[in-house]
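Below: one structure, written as C-alpha cells.
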4 protein chains.
Amino acid sequence: MLKSGPRPGRPRDSHIDQAVLKAARELLAESGYTRVTMDATAARAGVGKAAIYRRFGSKAELLFAAAVHGMDIEPPADSGSLRGDLRAMAQVIHERLATPAAREVTPALLAEMSRDPALAARLQSTFVARERRDLEVIMERAHQRGELSRPGDPALAHLLLGGPLFVALLVLPGPLDEDRLDDIASVIAAGLIAHASGPARSG
Amino acid sequence: MLKSGPRPGRPRDSHIDQAVLKAARELLAESGYTRVTMDATAARAGVGKAAIYRRFGSKAELLFAAAVHGMDIEPPADSGSLRGDLRAMAQVIHERLATPAAREVTPALLAEMSRDPALAARLQSTFVARERRDLEVIMERAHQRGELSRPGDPALAHLLLGGPLFVALLVLPGPLDEDRLDDIASVIAAGLIAHASGPARSG
Amino acid sequence: MLKSGPRPGRPRDSHIDQAVLKAARELLAESGYTRVTMDATAARAGVGKAAIYRRFGSKAELLFAAAVHGMDIEPPADSGSLRGDLRAMAQVIHERLATPAAREVTPALLAEMSRDPALAARLQSTFVARERRDLEVIMERAHQRGELSRPGDPALAHLLLGGPLFVALLVLPGPLDEDRLDDIASVIAAGLIAHASGPARSG
Amino acid sequence: MLKSGPRPGRPRDSHIDQAVLKAARELLAESGYTRVTMDATAARAGVGKAAIYRRFGSKAELLFAAAVHGMDIEPPADSGSLRGDLRAMAQVIHERLATPAAREVTPALLAEMSRDPALAARLQSTFVARERRDLEVIMERAHQRGELSRPGDPALAHLLLGGPLFVALLVLPGPLDEDRLDDIASVIAAGLIAHASGPARSG
DNA sequence: CAGTAAGCGAGACGGTACGTCCTGTCTTCTC
DNA sequence: GAGAAGACAGGACGTACCGTCTCGCTTACTG
C-alpha cells in the first residue's frame, strides 16, 4: 500500500521541478558536468538549494535526471528484418546518447556508478534493462522469422550494438553519420546470424 | 632543429616522476578518482606539491598519466584466422581497461576530454590510433588469407570490437568472462566476413 | 534611513565570532603572528575556514581584531596633577600594548597599515583618536588647574607620551618597569608645563 | 686573528652585493616587505638566489641591510644648547626612519625581532646603542654647560626623543613637519632639565 | 478559523580539496 | 670555489564546492 494520501503541509511546487531541471540542463550543455554547481543551478532556477536537495539526493542524481529527462523510447517497430530492426534500435540509442546533456553527464555518471552501487543498480534496472528487453524482442522476432536458428543472448547483442555507439559518441572525435550506423547494424546482424548457426554453448 | 642541449639549472629528478606516478596509481586503486588528493599523493611520494604541478598541469593529467603508465601493447600475433586475431586483440584491450586504475580514471578522463580538446587529441593519436593500426594489420592479413574479400575499414572494426569491451567494463556490473570475449570476437569476425562480401559502398 | 531590517537568509552565528576570536587570540599568544594559520584557527574554533573569511577579509584583519578585542579603556580619572594624570594614562597605554597578543600583532599591523590605507584609517579613528581625546581632557584639566598656561596640543602630548611606550615595548628587550613609567610621565609633564609658558606659535 | 688569507676558489663578486641591495631596496619601496620575494630580488638583480643567501642569511637580514644601507650618522655637533642638540638629533633619527625603504622594513623587522633574539641583540648593539651613545654625549655636554644638574639617563632620553619620532612615522598618517620636530625637542629639553633638578633616584 | 506541517528563498555552516606562492636548500653546468 | 638557473620539500594562503542547517515567510490541509 503505497498510497499515503495528501501529506500535510504545503505541497511541492511542480514549477520548481521544471525550473531546476531546465537550469541544470542548460548549465550542463554550457559548462560540463564538473563545472555545474548546485549554487549556480539554484540561482539560475531562481530557487533555494534546499528545494533542489528535497527533490534530488545529490548533484549526480540531479544531473542524471536532467540529462535523461523526456527520454522515453518507443517500442521497436518490426522492420521486417533483423538488420532493419537493429538499425532502428541503433538510431534510438544514438539519439539518446547524442544530446549535449547526455554527452556531459554520461562520463560523470559512470564515475559515480563505480562508487555508488545503488545508483549503478538503478541504472542497470532502467536503461540497460529496457534496451536489453527491446533487443530480446528483436531477436525473438528474428528467430520466428527464421533468420536466427536460435534466439540467442540479448545481453550479447546489446553489448555488440550499444558498445560501438557508446564509444563513438563519447570517445571518438567526430559525429556518427548514417552510413556508419548502417554498417554497424549490418555487421552485427550478419554476425549474429552466423553465430546462431554455430555450435550451441551452455551459457 | 629541436635539440636544445642541457637546459640550465638543476634538472628534474626522474625518481620523482616515478615516485609520483607510483603513489598516484596506488591511491587510485585504493580510493577511487575523487578521493585521490594531490596532498596525499605528494605525501606518499615524499614530494612537494609543486614538484607534481611542475610535471602535470592538473589532477586530471596526473591521474591519466598514472593510469596509462606502461601500457604498451605488443604487436598482434597472427593466430591463423580473423576470429583468432580478433580474440587476441580483445584480450589485449580488455586487460588494458580492466586494471583498477584504468577503471577509476576512464570516466573522469572522458569527462575531461569533452572539455579539453587537446587532451582528447592526445588520446586519439596514441591509444585509439595504435589500436586501429593493429586492427588494420589484422584485417589486411585476413584479406590476404582470403577470409575477407576486401580489407575493409579498420575504424569500423575497432569500433565494433572495442566498443563492447569498453562498455562492458564501465557500465556493466560484473567482469567479462572468457566466453563472452569468445562470443564477441566470433560474432564480429563472422559479421565482418559477411559484410565484406556485400556490395561495396562509395564512402 | 540606514535601517535595513533583518536580511534574508540564515543569520550569522555570533557564537562563531567569539569562538574564532578566542581561538585566534590563544594561538597568537602561543605561537606568534606568522605561526598562526587560518586552518589551525578554524580547527581550534571548530569552524570552517569559510566562516572566518566571511567575517574577516584576511589573516591580518582577523588577528588584528583578535588582538584588540575588548580593549576599552576607562576615561582618565583626575589624579589632581598633570603629572599624575599622565602617569595614569601611561599605565593604561602600557597595559594595552603589553599583552602577548598585542605584542605579536602590532608589528604585522604596522606593516599592513603601510599598504592598506583603509586599515590605517580605521586604526586612526579608533585607537589613536581615543587616546588623543583622553589626553585632551587631561590637558584641559591641567589648564583649568593652572598648571598649563595654555591647553596645548593634545596630538603633541600623545606623541610624547605614547611614543616612548610604543617603542619600549616593541624595540627594547626587557619590560618597562614602574620607575621608567614614572620618569616618562614626570619628564613630559614638566616639559609640557615649561613649553606652555613659552612663546605661542602660529602653527 | 681574523685574517685567513685569500681563500681558495673564485672570490665573491662585489658588484653582486651592490646589485642585490639595489634590487631589494627598489622592490621594498615598490611593494612592501611581505611582497618582496627572494626570487623577484634575485631576478631583478640578475643574480641567482644562492648568491643572495651566501651573503645574507635570510630575507629579514637582506631587507634590513637594504634598508639601512648607507645610514651612517655623523657625530652630533654641539649646537650650544641641550635643546639645539636634541633638535639636531631628532633630525638625524627622522631622516633615517623616513626613507621609503625604512618605513617598509621597520615593522617587519620588529616582527622578526620578537622571534629572533639574535637579530634583536644585533640591532640593539648597533642602532640603539649608537643613538644612545650620542644622547649620552649630548647630555654630558648639557651637564658641563650647566643646563642639567645631573647628566641623567641617556636611555630615558633616547626613549623620549626617539619614541615620538618612531610613532609619528610608522603609525600616524601625515608627515612630520619641522615645527613638530621643534616642539618635540623643546618639550623634552625642558622636561629633562626640570627632571634633573628633582630628587635623585637610586636607579 | 486557528493550528500545524511542510515548502520556499536566502544564505551561513563544516569540511575538504584545489592550485598558487614563497622560503631556504640542493643540484646541475659553466666560468 | 663562485655564479646563474632552477628543481626541491614543506607548508600557508585564499577560493570553491558539496550537502546540511537555520532563518523568516508562505501555502495548504486539519481539527
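All values below come from the heavy atoms of this structure, side chains included, with hydrogens, waters and symmetry mates left out. Convention: sequence-line order gives letters A, B, ...; per-chain numbering from 1.
Against DNA chain F, the stretch residues 47-57 of chain C makes heavy-atom approaches under 4.0 Å through C/K49, C/Y53. Of the residues in residues 18-40 of chain C, none lies under 4.0 Å from DNA chain E by heavy-atom distance.
Fit an axis to the five pairs at each end of the helix from E/dC1-F/dG31 to E/dC31-F/dG1 and the two axes sit 10° apart, to the nearest 10 degrees.
By the side-chain contact (heavy atoms from CB on, under 4.5 Å) test, B/A66 pairs with B/L21, B/A24, sequence neighbours left out. Contacts of D/T37 classified as side-chain contact (heavy atoms from CB on, under 4.5 Å), with partners at least two apart in sequence or in another chain: D/D39, D/A40. For B/T34, the side chain to side chain donor-acceptor pair (under 3.5 Å) criterion is met by A/R115, not counting sequence neighbours. Applying the side-chain contact (heavy atoms from CB on, under 4.5 Å) criterion to B/A29, with sequence neighbours excluded, gives B/P100. For B/A51, the side-chain contact (heavy atoms from CB on, under 4.5 Å) test picks out B/I16, B/V47, B/R54, B/R55, with sequence neighbours left out. Every side chain to side chain donor-acceptor pair (under 3.5 Å) that A/E30 has, sequence neighbours left out, goes to A/R44.
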All N/O pairs under 3.5 Å across the protein-nucleotides 25-28 of chain F interface:
unit_1 : atom_1 : unit_2 : atom_2 : d
F/dT26 : O2     : A/R10  : NH1    : 2.9

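Close approach of DNA chain E to chain D, defined as any atom under 4.0 Å from a non-hydrogen atom of the protein, starts and stops at E/dC22 to E/dC31.
When the C1' atom of F/dA4 is taken as reference, atom CZ of D/R44 falls 18 Å away, rounded to whole Å.
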